[in-house]
Protein chains: 2
Amino acid sequence: MKNARRALLPALLGAAAFALAAPGPEASSDLRVTLERLVRAACETNGAYEAIRSLTDAVGPRLSGSPGDARAVSWAEAALAARGFSNVHPESVTVPHWERGEESGEIVSPVPFRLSLCALGGSVGTPPGGIEAEVVEAQSLEGVDALGEKAKGRIVLVWKVMERRSDGSGYGATVPIRGAAASRAARMGAVGALIRSVGTSNARLPHTGSLRYEDGVPKIPAAALANPDADLLHRLLADGKIVRVRFALGARTFPDAVSANVVGEIPGRDRPEEIVVLSGHLDSWDLGQGAVDDGAGLGIAIEAARLIGQLPKRPRRTLRLIAFANEENGLAGGRAYAKAHEAELSFHVAAIECDSGAGRVTGFGWTAGPSAEPFLTNVAEILRPFGVGDMKKGGGGADVGALRAAGVPLFSPIQDTARYFDVHHSADDTFDKIDREELNTGVATIAALAYALAESETPLERIPEAERAVRRQR
Amino acid sequence: MKNARRALLPALLGAAAFALAAPGPEASSDLRVTLERLVRAACETNGAYEAIRSLTDAVGPRLSGSPGDARAVSWAEAALAARGFSNVHPESVTVPHWERGEESGEIVSPVPFRLSLCALGGSVGTPPGGIEAEVVEAQSLEGVDALGEKAKGRIVLVWKVMERRSDGSGYGATVPIRGAAASRAARMGAVGALIRSVGTSNARLPHTGSLRYEDGVPKIPAAALANPDADLLHRLLADGKIVRVRFALGARTFPDAVSANVVGEIPGRDRPEEIVVLSGHLDSWDLGQGAVDDGAGLGIAIEAARLIGQLPKRPRRTLRLIAFANEENGLAGGRAYAKAHEAELSFHVAAIECDSGAGRVTGFGWTAGPSAEPFLTNVAEILRPFGVGDMKKGGGGADVGALRAAGVPLFSPIQDTARYFDVHHSADDTFDKIDREELNTGVATIAALAYALAESETPLERIPEAERAVRRQR
């Protein structure tokens with residue numbers, strides 16, 4: 001079956017070449033021929049899937065500053081070299097180093113129950129025996145403020161259900177709670193903060209992610225509860241019960257560590273000094289294997305670049321693959337890259353970031369000057385018959401966001417995230433959650449997009465000055 | 001909406017009564033009228049759902065001999081009394097007392113990774129620091145035997161995928177591994193045993209369940225791995241890696257404890273000495289809340305009996321609700337009941353056990369003498385328009401299995417278990433996994449069946465002598 005499908009490819013490409021030789025209103029351009037070829041190759045490949053498998057099985061969790069982080073840097077260098085990338089090298093990045101240590105929690109009363117929880121990234125630890133207090137509930141950050149005196153000496157639970165949405169909008173509606181709950185509760189005098197996980201699964205696995213302590217407010221320990229556990233507390237409180245919880249976090253922040261962005265290139269045939277960035281992030285949270293976040297995005301980016309490198313004729317510009325350090329808890333990798341490459345950012349014609357999981361990709365989002373639209377529309381139209389030709393304004397990502405100030409056009413996949421947040425930042429982010437066929441829709445889209453950006457006659461119009469303020473992506 | 005539906009009921013019942021008053025070829029019997037009434041009441045009820053909620057939230061995990069077990073006995077007495085059962089009382093049962101304590105595991109090499117695992121019920125503990133050894137894999141119990149010398153001093157992993165099947169047949173194909181892997185591996189000289197969980201979820205939560213040590217073979221510690229973790233070991237081994245694992249189990253067996261079967265009755269109007277048993281089990285594994293296993297079955301049984309008790313005319317025979325102790329790791333409750341009630345077992349005309357989760361019920365399984373079939377077929381035909389009229393040979397359960405020797409006809413729901421084994425025996429067995437509407441298909445079926453059995457003119461033919469040998473149910 002596989003051989004039969006492979007045998008079809010030359011025939012299809014032959015037909016396309018024939019169409020090209022007889023130009024007319026429907027004649028394919030060179031661009032069309034190459035993009036179709038890349039899409040077909042992407043549908044067949046095992047490359048992204050095996051890259052993720054290798055990263056998750058041979059490296060595993062790789063939070064900044066951890067032993068896994070160092071293994072990941074070595075892995076990325078070897079992986080890019082093995083795939084024929086040029087100029088493979090690490091670029092040093094200073095990263096935070098936080099470790100969760102051992103952690104536990106339990107309902108003390110009305111009835112004992114062991115809770116499934118995890119420290120939010122960056123949380124301070126508790127004293128060794130943990131903290132124990134009565135729980136008060138709020139359902140928003142404003143609700144925390146409104147608790148007033150009732151929060152004093154208590155553990156504040158912020159209970160808000162993240163909605164499952166294909167476009168990921170449920171995340172935007174809840175992630176501010178993860179970031180701010182601890183300090184908002186501390187302002188009210190709380191001794192600890194708990195949140196319902198920012199995640200859509202009802203598995204008893206909590207979802208971590210970074211918090212941000214406000215300056216001038218006491219740092220209190222903060223943890224995410226698995227959703228069934230948060231819902232249990234919510235039900236008990238709704239029943240009017242006095243609920244006491246104890247939790248212990250062994251979390252600690254260590255001195256900054258050294259990690260690296262790992263870079264490799266597919267050199268351009270014509271204007272090698274002009275750069276199209278293709279990226280994902282190399283670090284991951286510590287609870288799972290980082291298969292979906294962001295093994296998948298990095299695997300897509302690496303395989304897309306590799307497929308382009310295998311073409312008989314490489315594109316005009318250089319494709320620069322970047323495996324960014326420290327996306328999850330600092331964004332130091334993106335910032336370090338922008339700073340180190342400041343002098344050449346005017347030669348960066350585009351940057352693509354893949355960091356929304358392994359779900360089906362249906363097209364791409366874009367952020368650039370308005371005159372870029374006709375070219376991108378043409379690309380999207382070529383991709384449409386393959387189901388990957390959607391296009392929407394607004395592309396980019398947390399790491400390449402640092403390039404926005406230089407006006408670099410930014411891109412990202414439009415990806416179905418309906419199941420992404422089931423596993424995102426949790427112990428459930430493991431290799432078995434990857435579907436090869438869905439993953440390859442990402443490889444197809446990103447390979448075609450990256451090629452088009454690297455091959456266009458002229459660079460796309462850059463992001464207008466007025467829109468270059470760097471925005472926090474997560 | 002709810003009120004509108006409620007208002008419909010008297011109208012429907014009125015129509016049925018009219019049909020009864022004008023007998024003809026399609027005339028409803030008294031039995032039909034009552035069964036239809038019970039089914040409609042079951043579709044509307046919140047009773048089973050709230051009973052499960054109460055049991056899970058107010059009691060929680062309740063493994064035999066634990067503090068939760070004692071709370072559960074008190075809960076059951078109060079719950080039956082509050083629902084108008086008569087003769088509510090506990091019947092003392094001596095039960096095993098095993099605790100898992102703290103447990104942990106990790107891949108030591110080729111790359112460190114924290115494993116998600118749990119001791120199998122009844123396992124011995126490890127020394128405090130755990131055991132560490134190279135892992136060898138087998139894919140069946142026969143495969144363990146075939147390891148021969150290769151198992152010596154090693155940890156044996158039995159890796160077999162449980163298939164997802166609506167009829168639960170995937171469980172039967174894998175659960176023997178859970179029971180026997182430890183002793184089979186120990187016979188080959190292994191120092192520990194790991195199994196892929198007997199469960200269908202790919203969440204990183206392991207599924208516990210009892211093992212059985214063979215006499216005369218060293219007792220080695222045995223644990224279940226979450227399925228993604230088992231699959232990771234399997235992939236590493238398939239790649240030819242040398243895999244070393246360390247795991248530590250704090251499991252201990254304590255002296256036997258005292259628990260209780262909790263009994264309550266809906267007395268028969270005519271032949272109260274004749275008994276129809278309606279049952280589920282009160283104990284649960286320790287990792288979750290025992291919502292699905294067996295809060296659901298017990299909730300169905302209690303609510304079915306309560307609905308019958310609410311009828312204007314109670315059935316001829318007594319319904320005896322039994323919340324059995326110690327189904328999960330000993331079956332002491334079922335055995336104690338059969339022994340304590342030996343003298344009256346000839347008056348037990350039927351026993352129903354509900355212990356296959358909260359999924360959709362489509363009918364009932366039965367085990368009785370052949371002449372019972374026409375009566376049961378009539379019951380099934382009455383239930384068929386409601387989608388709960390399937391019928392198959394083979395009914396019973398682990399607890400009521402002890403009544404087989406006395407020939408008591410045995411019954412159980414035919415239940416969709418396609419999702420049941422996602423959460424069964426794992427930390428994921430929590431209240432949020434219950435769907436009220438699906439649950440009520442169980443209440444409808446069991447209420448109708450129990451009523452029919454308690455109301456039949458004559459008792460059903462008992463299980464033929466030749467088929468009375470007690471069979472191990474799980």
Side-chain angles (χ1 to χ4, degrees), chain A residues 50 53-62 66-68 71-72 74-75 100 102 104 106-107 110-116 161 201-206 226-239 241 243 286-291 422-423 426-434, chain B residues 50 53-62 66-68 71-72 74-75 100 102 104 106-107 110-116 161 201-206 226-239 241 243 286-291 422-423 426-434:
Chain A
E50 285 301 325
R53 175 187 149 142
S54 166
L55 176 60
T56 55
D57 287 4
V59 174
R62 47 197 182 275
S66 69
R71 282 199 303 274
S74 302
W75 175 89
R100 75 174 58 251
E102 295 300 316
S104 65
E106 61 193 331
I107 300 178
V111 285
F113 185 66
R114 184 182 283 220
L115 292 167
S116 175
V161 175
S201 169
N202 70 349
R204 287 197 57 219
L205 295 167
N227 289 335
D229 299 66
D231 295 351
L232 171 60
L233 293 181
H234 171 73
R235 286 197 304 273
L236 293 172
L237 291 164
D239 277 352
K241 299 285 195 300
V243 179
D286 54 338
L287 297 169
Q289 292 179 317
D422 282 352
V423 306
S426 83
D428 242 348
D429 183 359
T430 46
F431 179 67
D432 52 288
K433 309 305 186 298
I434 308 278
Chain B
E50 286 301 326
R53 175 187 148 140
S54 168
L55 175 60
T56 55
D57 287 5
V59 175
R62 46 196 183 278
S66 70
R71 283 198 302 276
S74 301
W75 176 90
R100 76 174 57 253
E102 297 299 318
S104 66
E106 62 194 330
I107 299 178
V111 285
F113 186 65
R114 186 183 284 219
L115 291 166
S116 176
V161 175
S201 170
N202 70 348
R204 287 195 58 219
L205 295 167
N227 289 336
D229 300 65
D231 294 351
L232 171 59
L233 294 183
H234 171 71
R235 287 197 304 273
L236 293 172
L237 291 166
D239 277 352
K241 299 283 196 299
V243 179
D286 53 338
L287 297 169
Q289 291 179 317
D422 282 353
V423 305
S426 85
D428 242 349
D429 183 359
T430 48
F431 179 67
D432 52 287
K433 309 305 185 300
I434 307 279

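These numbers were taken from a predicted model, which means no experiment stands behind them.
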Item to check | Within 6.0 Å of CD in B:E50, more than 12 heavy atoms from elsewhere | outcome: yes
Checklist outcome for this item: Under 4.5 Å to a heavy atom of chain B? For A:A58 that would be backbone
Next on the checklist: Within the structure provided, determine whether B:L55 and B:R62 are in side-chain contact (heavy-atom separation under 4.5 Å).
Outcome noted: yes
Next on the checklist: Counting only non-hydrogen atoms closer than 4.5 Å, does A:P110 touch chain B with its backbone (N, CA, C, O), its side chain (CB onward), both, or neither?
Outcome noted: neither
Checklist entry - Tell me, do B:P228 and A:K433 make a side-chain contact under 4.5 Å, heavy atoms counted? => result yes
Checklist entry - Considering only heavy atoms, which portion of A:D239 lies under 4.5 Å from any heavy atom of chain B: side chain, backbone, both, or neither? => result side chain
Next on the checklist: Heavy-atom pairs under 4.5 Å with chain A: which of B:N202, B:V111, B:V59, B:I107 has the most?
Outcome noted: B:N202
Checklist entry - Given that the side chain runs from C-beta out, which part of A:D231 has a heavy atom under 4.5 Å from chain B: side chain, backbone, both or neither? => result neither
Item to check | Segment of A:P112 engaging chain B (4.5 angstrom heavy-atom cut-off) | outcome: both
Checklist entry - Do A:R204 and B:L287 have side-chain heavy atoms sitting under 4.5 Å apart? => result no
Checklist entry - Would you say the side chains of A:T430 and A:D432 form a donor-acceptor pair under 3.5 Å? => result yes
